[in-house]
Amino acid sequence: KSTQAKISAFFGAG
Amino acid sequence: MFEARLPQAAVLKKLVEALKELVTEGNFDVSPSGISLQAMDSSHVCLVTLQLNDDGFEHFRCDRNMSMGIHFGNLSKILKCAGNEDTITLKAEDNADQLTLMFESANQDRISDFDLKLMSIESEHLGIPDQDYSAEVKMPSAEYQRIVRDLTSMGDTVLVSATKEGIKFSTSGDIGTANITLRHNTTPEKEDEQTHIDLKEPVALTFALRYLNNFAKATPLTPQVKLSLTKDLPVVVEYKVGELGQVRFFLAPKIDD
């Protein structure tokens with residue numbers, strides 16, 4: 001089973 | 001005062017068609033260096049960035065930086081009223097609440113202008129680090145479109161693995177499994193038809209096919225697409241827009257529990 005990650009988990013606030 | 005002129009409306013029409021289903025609205029950030037956009041889809045799984053450089057326009061003027069909130073469905077309705085070969089000019093006063101789009105036919109016998117109401121959109125700006133990717137694959141954009149479309153008939157997710165053998169797309173579902181492998185191929189005379197695989201280290205990631213399919217709506221923009229992959233990071237699917245700039249789609253991977 002796999003979970004869909006959110007994009008904000010990879011890119012910080014810029 | 002902001003004013004930007006493009007010799008062919010088709011480019012902007014195709015760009016908006018590529019975005020509008022994924023991101024319903026977003027801010028066009030205009031500055032003297034061009035127009036940029038960063039927007040997430042409603043589920044915050046993918047991010048779209050657009051960069052259109054000032055020197056790619058026939059004419060570009062921006063006296064002060066502005067953020068113009070745009071509903072892409074509404075912009076698309078207006079752009080449908082432009083001919084592909086029309087010259088298009090975007091105009092806005094400083095702090096304006098509307099964007100004017102002016103279309104001129106090639107022989108200048110028809111001129112129309114449409115005002116689009118701007119929205120106030122609060123959006124979180126994400127910082128995207130520059131980085132080296134484990135694998136960068138350039139392939140015909142029509143090939144990418146076909147692969148993700150074909151695999152969608154079999155499954156919901158795709159395992160993308162890049163090795164020295166090539167780039168493999170694998171899926172499985174109720175009816176069975178499917179694997180499509182593309183090899184590095186510089187045989188075709190036309191560069192647009194070639195596949196280039198630049199591999200630093202093997203990498204394999206799983207993604208939701210629905211989004212990869214949606215990115216393929218950008219196919220009419222350009223004959224080649226670039227996929228950039230690194231372990232445990234979003235894939236980047238990039239379409240260049242001639243000399244004007246590029247649109248990039250970032251999709252977060254599926255992670256094993």
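Reminder, nothing fancy here: chain letters follow the sequence lines and each chain counts from 1. Basis for what follows: all heavy atoms, side chains included, without hydrogens, waters or symmetry-related copies.
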Measure the shortest side-chain to side-chain distance between [X] and [Y] over non-hydrogen atoms and say whether it is less than 4.5 angstrom.
X         : Y        : result
Phe250(B) : Phe10(A) : no
Lys254(B) : Thr3(A)  : no
Val45(B)  : Ile7(A)  : no

Donor-acceptor contact present, side-chain Lys6(A) to main-chain Ser43(B), <3.5 Å: yes

Polar side-chain atom of Gln4(A) near backbone of Ala252(B) as donor-acceptor pair, under 3.5 Å: yes

Interface moiety of Asp232(B) toward chain A, non-hydrogen atoms closer than 4.5 Å: backbone

Has [X] got more than 12 heavy atoms of other residues, nucleotides or ligands less than 6.0 Å from its [atom1]?
X         : atom1 : answer
Gln131(B) : CD    : yes
Lys231(B) : NZ    : no
Asn65(B)  : CG    : yes

Taking every non-hydrogen atom, the tightest pair across Ser2(A) and Asp256(B): CB-OD1, 3.8 Å

Where Gly127(B) and Phe11(A) come nearest, the two heavy atoms and their spacing: O-CB, 3.2 Å

